[in-house]
2 protein chains.
Amino acid sequence: MNLHRKPIPVQEAVERVMEHRKTGKIDKVDISESDQRILAEDILATHPIPPFDKSPYDGFALRSEDTINLSKENAGEFVVTETVGAGHLASQPLKKGEAVRIMTGAEIPDGADCVAMFEICQTFEMNGQSWMALKRPLEKGQNIIPKGSETSQEQCLVKAGTKVNPGVMALLATFGYSEVSVYRKPKIGIFATGTELLEVSEPLIPGKIRNSNAYMIVSQIERAGGEAYYYGKLVDDFDTCFEAVHNALAEVDVLITTGGVSVGDFDLMPAIYEKLEANVLFNKVAMRPGSVTTVAVADGKLLFGLSGNPSACYVGFELFTYPVIQSYLGREEVYHRRIQATLGNDFKKPNPFTRFVRGFIDYEEGKVVVKPAGIDKSAIVTSLALTDAFIMLPAGTRGFEKGATVEALLLDRPNGQEHF
Amino acid sequence: MNLHRKPIPVQEAVERVMEHRKTGKIDKVDISESDQRILAEDILATHPIPPFDKSPYDGFALRSEDTINLSKENAGEFVVTETVGAGHLASQPLKKGEAVRIMTGAEIPDGADCVAMFEICQTFEMNGQSWMALKRPLEKGQNIIPKGSETSQEQCLVKAGTKVNPGVMALLATFGYSEVSVYRKPKIGIFATGTELLEVSEPLIPGKIRNSNAYMIVSQIERAGGEAYYYGKLVDDFDTCFEAVHNALAEVDVLITTGGVSVGDFDLMPAIYEKLEANVLFNKVAMRPGSVTTVAVADGKLLFGLSGNPSACYVGFELFTYPVIQSYLGREEVYHRRIQATLGNDFKKPNPFTRFVRGFIDYEEGKVVVKPAGIDKSAIVTSLALTDAFIMLPAGTRGFEKGATVEALLLDRPNGQEHF
């Protein structure tokens with residue numbers, strides 16, 4: 001066991017992990033199963049929009065040449081031949097002196113090249129025939145949305161790597177994507193370690209605490225777009241542990257363990273890495289919390305040894321595991337979005353190491369404000385519940401005052417950024 | 001059919017709808033099924049945190065009175081009786097002159113009242129016995145996290161109405177909530193209307209477009225936390241339509257129709273409301289898009305008649321249906337969060353009515369910037385895909401320039417606000 005661990009900078013740790021990133025497999029799913037999934041194909045306009053010359057108003061479709069010279073003094077009169085609603089077609093081409101009553105969204109009849117809105121037309125009946133009178137000229141193309149004017153055929157509308165949301169869903173339906181290619185969710189296995197851990201349903205007994213990290217990480221994995229498999233708690237016996245980790249590794253894309261990576265007397269993960277002949281990428285990171293985060297590669301698969309401390313575990317996942325999941329999902333913006341924000345409260349602790357403070361985003365008078373979620377002792381327990389951002393405080397600083405400009409990582413935005 | 005509709009202000013329309021809000025039923029679910037659900041009970045600390053006096057460091061637990069007068073010149077020597085790891089208990093109370101080797105997170109042995117960190121202790125063996133030497137005094141309570149110092153028993157940690165996220169999940173597990181009360185998702189039915197609509201899998205034919213609103217709304221319902229039931233397309237025949245709407249209404253909490261609410265010749269929803277003896281709350285709203293949005297109440301259930309135009313349909317849902325779903329889910333902050341933001345592009349259209357411009361949020365140098373998603377014609381089709389906010393532009397304005405302060409509604413944040 002290596003007791004003298006050399007801490008590496010966060011940036012370098014992220015880079016070492018991402019050297020082992022992979023892109024996931026692709027599945028074809030029904031459109032109704034595609035919500036919130038990540039597209040594995042560009043979505044193209046399979047036809048122009050609008051797909052035909054379309055009326056934007058209720059009115060009368062006409063030939064513009066029939067309206068030349070019309071004025072208040074010189075009204076034109078048109079025979080109304082038929083009515084065309086959206087989804088219907090005129091039964092015959094429009095001829096000289098004729099008008100077709102047309103509804104919003106309907107296709108312009110052949111022969112017509114403009115639309116007069118209801119508001120500028122007078123209608124009347126004469127000899128059992130509908131007529132329409134117009135007192136002004138119209139130009140060719142007036143009040144017509146030309147075929148293809150909003151989108152031309154084959155134009156790329158949404159790129160692969162985008163998450164499906166209600167608007168993307170509308171595009172998929174519009175362009176007939178009844179089946180769509182999406183990235184398969186990576187399978188992420190989880191083991192909890194620690195003899196002090198009780199199951200959630202067990203009563204509390206002296207010296208023990210309940211296992212909360214496993215449930216927390218399942219939720220983080222699913223928020224990140226992965227598929228979580230909780231394998232339960234590793235027991236104290238080394239051989240049984242090794243067997244369990246070895247078998248799970250064959251079933252998943254990525255394996256996470258929580259706890260067991262410190263240098264305490266009972267921490268067994270380092271020995272398991274050794275027997276797996278895993279390549280340990282790092283076992284100490286110059287950051288707080290989560291400095292004991294360990295990442296190794298065995299059989300080409302990433303093993304994340306996250307801390308047993310809930311906050312350190314949470315931070316380790318979002319910094320190192322989250323971007324790996326995004327890579328499996330074919331995303332370009334694999335990292336959490338990093339923004340500048342105004343610090344909403346004093347944070348006076350000095351930072352000998354880069355610190356990731358649990359915080360939440362707020363908005364005040366056009367500014368983005370980020371507030372630490374657990375600054376006083378009584379909020380330590382609830383701070384993770386409030387967290388939707390990390391405040392990144394650089395090493396070597398002596399704390400920050402309210403109003404200072406700081407960097408924040410946004411944890412629950414659908415869009416991220418390409419570089420850490 | 002009422003052709004002379006009186007538009008009412010958005011605020012009043014929202015209030016009329018919300019007079020008919022209801023709170024949903026409550027279900028008990030396993031903790032593993034509770035992710036992203038809305039809590040229907042306050043989460044209390046079922047035990048103090050920490051649940052026992054705990055060591056924050058690896059070190060030696062001692063009696064502080066044994067360390068009085070210790071100094072460089074006057075070292076104290078202690079018999080190390082045993083080692084206690086996290087999750088374990090000392091086998092016997094600590095007596096005068098004794099020390100217990102203790103790991104981070106472990107319970108302080110009875111009799112001990114302070115912890116000396118490894119770094120300030122020397123260890124040695126003598127006569128087959130482990131000893132520890134210390135050269136400074138410790139105070140009573142030093143390096144001990146007292147039982148209950150972070151959270152006292154029965155303290156409310158998370159309130160009912162909160163969405164379960166990874167941090168809330170950690171609290172549920174910590175405090176033994178193996179089952180948890182959550183609000184049942186309201187059932188929201190959807191009908192599409194319009195003879196121009198094709199199914200997604202059908203090839204495009206002249207004059208027709210594919211039905212995209214139903215898929216879009218299913219996604220909006222699920223993002224809002226509801227359960228969507230798509231009943232398909234209403235046919236042209238009135239009696240069949242009426243039967244379908246009437247039957248669906250018996251099965252769902254809320255019913256949405258898209259299209260059929262204009263004053264065009266083929267719009268049939270108004271007649272259906274009449275035959276249902278529905279109370280029409282309004283059928284015109286002073287806003288763009290979505291002015292024809294109609295909301296009615298039949299058999300105590302809300303019927304949302306959203307526009308057939310995709311953008312108007314999207315806006316109508318988020319303004320009027322979204323807060324109703326949040327009410328079913330027992331949330332206090334039922335409305336989308338409204339913030340001040342900087343307009344990221346010119347928007348020069350005059351606003352005779354309140355306008356809800358599809359936009360997306362960005363962050364620039366500590367400021368929240370909101371950009372219209374479909375300002376040029378070619379972006380109209382993709383604007384809904386980019387949308388995660390509405391830019392609210394008040395009626396009676398002549399457009400806005402880049403850099404102006406505007407109000408924006410955030411559509412995909414877990415937290416909202418109590419008042420519209």
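Chain letters run A, B, ... following the sequence lines, proteins first and then strands; every chain starts at 1.
Here the CD-OG distance, from Q36(B) to S219(A), works out to 6.0 Å after rounding to the nearest 0.5 Å. Note that the OG1 atom of T162(A) and the CG atom of L386(B) stand 9.0 Å from one another [nearest 0.5 Å].
Nearest heavy-atom pair, S212(A) versus A173(B), reported as atom, atom and distance to 0.1 Å: CA-CB, 3.6 Å. The shortest heavy-atom contact between V200(B) and L172(A) is CG1-O, 4.4 Å. What you find for V158(B) and A385(A) is that their closest heavy atoms are CG2-CB, 4.4 Å. Between I31(B) and Y215(A), the shortest heavy-atom contact is CG2-CE2, 3.6 Å. P166(A) and Q220(B) get closest at one heavy-atom pair: CB-CG, 3.5 Å. The two residues P206(A) and E107(B) have their closest heavy-atom pair at C-OE1, 3.8 Å.
Between H47(B) and R210(A) there is a side-chain heavy-atom pair separated by less than 4.5 Å. The side-chain heavy atoms of L410(B) and Y363(A), taken from C-beta on, include a pair separated by under 4.5 Å.
Each of R413(A), E222(A), R358(A) has some count of heavy-atom pairs under 4.5 Å with chain B, and the biggest count is that of R413(A).
Looking at N309(B), neither its backbone nor its side chain comes within 4.5 Å of chain A, counting heavy atoms on both sides. Heavy atoms of N415(B) lying under 4.5 Å from chain A are absent altogether.
Within 6.0 Å of the NZ atom in K147(B), the count of heavy atoms belonging to other residues, nucleotides or ligands does not exceed 12.
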